[in-house]
There are 2 protein chains.
Amino acid sequence: MKKRVTLKQIATELDVSVSTVSKALRNSKEIGQDTKDKIQAFAKFYNYKPNSIAISLQNRKTKNIGVIIPEIVHHFFTTVVSGIEKVANEAGYNVIVCLSDESFDKEVINMETLANSSIDGFIISLSKDTQKRKDFHHLREAINQGMPLVMFDRVSDEIYCDKVIVDDAQGAYKAVKYLLDTGCKRIALISTTDYLSVGKLRTMGYKNALADFGIPFEENLIVKIDDINFCQEPIAELFEREKFDGVLSVNEIFAVSAMREAIQRGFKIPEDISFIGFTDGMLSKHFYPRLTTVNQHGLQMGEIAARMLINKLEELEDDENYHTEVLKTTIVERESTRPY
Amino acid sequence: MKKRVTLKQIATELDVSVSTVSKALRNSKEIGQDTKDKIQAFAKFYNYKPNSIAISLQNRKTKNIGVIIPEIVHHFFTTVVSGIEKVANEAGYNVIVCLSDESFDKEVINMETLANSSIDGFIISLSKDTQKRKDFHHLREAINQGMPLVMFDRVSDEIYCDKVIVDDAQGAYKAVKYLLDTGCKRIALISTTDYLSVGKLRTMGYKNALADFGIPFEENLIVKIDDINFCQEPIAELFEREKFDGVLSVNEIFAVSAMREAIQRGFKIPEDISFIGFTDGMLSKHFYPRLTTVNQHGLQMGEIAARMLINKLEELEDDENYHTEVLKTTIVERESTRPY
DNA sequence: TTTAAACACTCAACCGTTTTCGTAAAAACT
DNA sequence: AGTTTTTACGAAAACGGTTGAGTGTTTAAA
């Protein structure tokens with residue numbers, strides 16, 4: 001087990017000063033060519049690698065970016081992380097991932113530990129808990145300390161920073177329009193409880209589309225599910241209670257649960273009922289029938305978020321101009337809807 | 001924007017020395033009570049937090065652990081990361097996640113950048129590429145430099161370190177036994193190409209089970225799929241070519257693709273054909289019919305891996321005893337098989 | 001020949017902590 | 001009063017680098 005070599009060791013070994021070694025390795029013109037050659041050869045031989053901690057301490061940059069997400073066993077979030085990783089790595093940054101587990105407290109703790117000079121900036125998507133409480137002091141604090149911050153997907157209006165979101169309302173709108181255009185008359189919505197920004201926005205888009213196309217809105221056609229692990233029952237109730245020929249779901253799981261219910265009740269998909277979901281994940285791609293979905297472009301979202309953050313980190317004068325990038329959703333047509 | 005306070009600033013402000021401040025904040029008995037009170041109050045007021053970089057430099061510990069996985073948009077790996085995060089956080093460690101993208105080169109680069117004092121130890125699952133090449137010099141190097149290393153799931157015999165794996169062979173064995181016990185006579189296997197350790201092991205388990213139960217092994221009943229994105233065709237061929245009443249798949253996607261094929265061809269599941277898959281993810285839980293699977297206990301695997309690593313990091317004398325933890329798989333019974 | 005510039009390197013400060021050692025003053029003993 | 005022991009604090013080195021200013025030597029220009 002040979003430990004890493006340090007500048008000092010090279011210096012004593014070669015009988016020069018530490019600064020000479022440092023400069024030689026950075027190819028400074030202050031150092032004579034033969035000395036440089038000698039030092040560089042020696043360093044290469046002993047596989048010298050500068051200690052990144054020391055460098056971080058020196059220039060107060062860590063080249064780490066902190067990513068805080070509510071959950072990691074989750075298709076959308078991992079897609080975003082993928083995108084972040086990609087551009088971060090290309091720019092020489094490492095990604096430290098923390099999970100808030102949808103809890104406000106964990107989110108705060110994570111931010112605080114990371115903020116103690118572990119990272120140069122944050123990328124975060126808020127936990128449900130935080131969105132419910134509307135307590136954003138931890139974000140404000142980070143910003144106050146000059147720590148750049150980019151929010152994605154689950155964002156807050158109350159915080160002034162760079163953001164990347166998808167146009168959830170418009171995505172839902174497009175989905176409803178799609179269903180209508182392919183012949184649906186009565187469209188149900190399976191959504192989450194309202195405190196989640198995305199649930200609210202998608203519901204809005206649904207309502208707007210109905211309004212625009214002259215279809216009366218019926219509260220009864222909406223089912224709001226709180227716990228994703230118990231979605232079968234409320235969905236079954238919906239089928240019991242109402243007749244409809246189109247379903248928009250706020251996520252994949254609700255969508256396939258609804259399709260399961262439909263199949264069991266003898267409906268043909270998409271002939272009798274069409275389905276569209278959000279989140280273009282495994283389930284959408286592989287369910288039978290494959291699910292038409294509103295794609296949220298998670299990868300791109302991650303890439304943009306990372307790019308925004310890194311720009312802020314590397315610009316010389318810090319401008320206080322923040323900007324919200326709104327991604328357009330697209331509809332991925334598959335087997336659960338009639339062809340357009 | 002108020003920057004963080006440092007010991008030095010507190011010291012000059014309060015007209016004491018830096019060491020006094022440091023000691024006062026760590027509640028050293030060397031410092032008089034009133035001085036301590038004064039300093040602590042001041043520090044609290046200005047929200048002093050020690051700079052973790054400086055501390056890392058000092059004691060050559062970063063309290064970060066590096067996790068290298070092939071992919072992050074992947075149920076099993078994220079489950080493992082979840083487990084790692086959990087125990088790491090409890091022990092005060094941050095998790096730096098790097099993706100190898102199944103590429104040897106990226107794996108090497110990731111390890112090298114992390115090894116330059118960004119982390120205290122590694123947890124890694126090998127990329128396909130690395131397993132194919134059998135080049136493990138980067139792992140050896142890390143170990144040589146005294147960097148503890150824990151491997152999980154996709155491991156190598158050639159490296160001597162702590163490991164956590166599931167008993168893949170036995171999992172496949174149990175699955176085949178399950179199918180046999182519930183009345184299947186002819187069982188097909190949908191696997192990956194052989195260089196992947198897990199594919200090989202599961203195939204072995206399949207063969208062993210057949211042998212043990214006196215069933216002749218038929219090469220024709222195995223289909224090996226290379227690219228997960230083009231699995232439908234080879235599966236269709238299998239259905240064309242052979243008759244069988246049980247299918248074991250090496251992952252979820254192959255399993256549901258096979259079920260799709262079966263349904264389309266008018267087979268009833270599980271009456272005509274039973275299915276068992278590996279990886280207990282979204283698809284298994286929500287497909288219609290829900291898939292009986294071999295659970296690999298990813299969460300537990302992550303927890304154990306993290307615990308092993310942290311033990312190595314925190315033990316005083318480093319013992320060179322490494323140990324491989326083998327997790328037992330369990331079968332999660334659902335709708336794609338007949339009741340036991 | 002004098003003087004300045006170029007060269008090749010070293011010194012020392014600095015980043016923010018921790019920690020060992022030293023020491024003056026106060027307190028507790030002869 | 002003299003000696004030892006505490007108490008309370010400061011100086012400085014160390015962690016591993018970077019960097020600007022300084023210094024002695026060589027070389028080129030005046």
Side-chain angles (χ1 to χ4, degrees), chain A residues 2-40 42-43 46-64 113 115-120 145-146, chain B residues 2-40 42-43 46-64 92 113 115-120 145-147:
Chain A
K2 49 178 197 296
K3 281 278 170 214
R4 314 187 75 81
V5 233
T6 66
L7 285 192
K8 193 187 290 189
Q9 289 166 26
I10 299 185
T12 42
E13 210 66 39
L14 259 38
D15 215 57
V16 289
S17 78
V18 180
S19 38
T20 305
V21 179
S22 172
K23 284 171 182 162
L25 293 176
R26 330 191 84 230
N27 228 310
S28 157
K29 67 212 104 351
E30 282 184 74
I31 307 297
Q33 194 53 52
D34 28 356
T35 321
K36 280 204 276 194
D37 289 344
K38 187 179 60 176
I39 293 178
Q40 287 172 359
F42 190 93
Y46 283 102
N47 191 28
Y48 169 78
K49 294 277 161 46
N51 179 317
S52 54
I53 296 278
I55 294 179
S56 293
L57 181 58
Q58 174 84 307
N59 51 213
R60 268 145 304 183
K61 295 247 173 295
T62 63
K63 285 284 188 172
N64 286 157
T113 47
N116 292 330
S117 358
S118 300
I119 58 163
D120 297 340
Q145 286 178 4
Chain B
K2 48 176 197 292
K3 281 279 170 212
R4 312 187 76 81
V5 230
T6 67
L7 286 191
K8 193 188 289 192
Q9 288 166 26
I10 300 184
T12 42
E13 210 66 39
L14 258 39
D15 215 56
V16 289
S17 79
V18 183
S19 39
T20 305
V21 179
S22 173
K23 287 169 187 165
L25 293 176
R26 334 191 80 231
N27 228 311
S28 157
K29 66 212 111 346
E30 281 184 74
I31 306 297
Q33 193 53 54
D34 27 357
T35 321
K36 282 203 276 193
D37 290 345
K38 187 178 61 176
I39 292 177
Q40 288 172 359
F42 190 93
Y46 283 102
N47 191 29
Y48 168 79
K49 294 277 161 47
N51 179 318
S52 55
I53 296 277
I55 294 177
S56 293
L57 181 59
Q58 176 82 304
N59 53 212
R60 269 146 302 183
K61 293 248 173 295
T62 62
K63 284 283 187 175
N64 287 156
T113 46
N116 292 329
S117 357
S118 300
I119 58 164
D120 296 340
Q145 286 177 4
M147 179 81 74

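Keep in mind the model is a prediction, meaning the values are calculated, not measured. Atoms considered below: every heavy atom in the structure, side chains included; atoms not considered: hydrogens, waters and symmetry mates. All chains are named by letter (A, B, ...) in the order of the sequence lines, taking the proteins before the strands, and each is independently numbered beginning at 1.
- Across the protein-nucleic acid pair, A:Leu25 atom CG and D:dG17 atom P stand 10 Å apart, rounded to whole Å.
- For B:Thr35 against D:dA8, no side-chain N or O and base N or O form a donor-acceptor pair under 3.5 Å.
- Among the heavy atoms of the strands lying under 4.0 Å from A:Thr6 are primed sugar atoms or P, OP1, OP2 only; no base atom is included.
- If you take NZ of A:Lys29 and P of C:dA8, they are 12 Å apart, rounded to a whole angstrom.
- Closest approach to the A:Arg26 side chain among C:dT18, D:dG16, D:dT18 is made by D:dT18 (side chain taken as heavy atoms from C-beta onward).
- Among the nucleotides C:dT17, C:dC15, C:dT19, the one closest to the side chain of B:Asn51 is C:dT17.
- Judged by closest nucleotide on DNA chain C, A:Val21 is the one of A:Arg60 and A:Val21 placed further toward the 5' end.
- Between the P atom of D:dG20 and the CD atom of A:Glu30 lies a distance of 9 Å, rounded to the nearest Å.
- A:Arg4 and A:Asn47 are not linked by any side-chain donor-acceptor pair at a separation below 3.5 angstrom, with hydrogens and angles left out of the test.
- Between D:dC15 and A:Lys8, a contact under 4.0 Å exists linking OP1 or OP2 to a side-chain N or O.
- Between B:Phe42 and B:Leu14, the shortest heavy-atom distance links the atoms CD1-CD1, 3.4 Å.
- Closest to the B:Ser19 side chain, of the nucleotides C:dC14, C:dC11, D:dA11, is D:dA11.
- Listed nucleotides: C:dT18, C:dG16, D:dG17. Nearest to the side chain of B:Leu7: C:dT18.
- A straight line from NZ of A:Lys61 to C1' of C:dC15 spans 13 Å, rounded to a whole angstrom.
- Rounded to whole angstrom, the span from the NZ atom of A:Lys36 across to the P atom of C:dC7 amounts to 12 Å.
- Here the closest non-hydrogen pair linking A:Ser117 and A:Thr62 is O-CG2, 3.2 Å.
- For B:Ser56 (side chain) and B:Ser52 (main-chain N/O), a donor-acceptor pair under 3.5 Å exists by modelled atom type.
- Within 4.0 Å of B:Lys49, counting heavy atoms only, lie sugar-phosphate atoms of the nucleic acid but no base atom.
- Between B:Ile31 and B:Asn59, the residue anchored nearer the 5' end of DNA chain D, judged by the nucleotide with its closest heavy atom, is B:Ile31.
- Taking CD from B:Gln40 and CD from B:Gln33, the interatomic distance works out to 7.5 Å, rounded to the nearest 0.5 Å.
- For A:Asp37 and C:dA8, the CG to P distance is 12 Å, given to the nearest whole Å.
- Under 3.5 Å, the side chain of B:Ser17 and the base of D:dC9 form no donor-acceptor pair of N or O atoms.
- Look at CZ on B:Arg4: it is 12 Å from C1' on C:dG16, rounded to the nearest Å.
- Under 3.5 Å, the side chain of A:Lys23 and the base of D:dG20 form at least one donor-acceptor pair of N or O atoms.
- Here D:dT19 presents its C1' atom at 8 Å from CD of A:Gln58, a figure rounded to the nearest Å.
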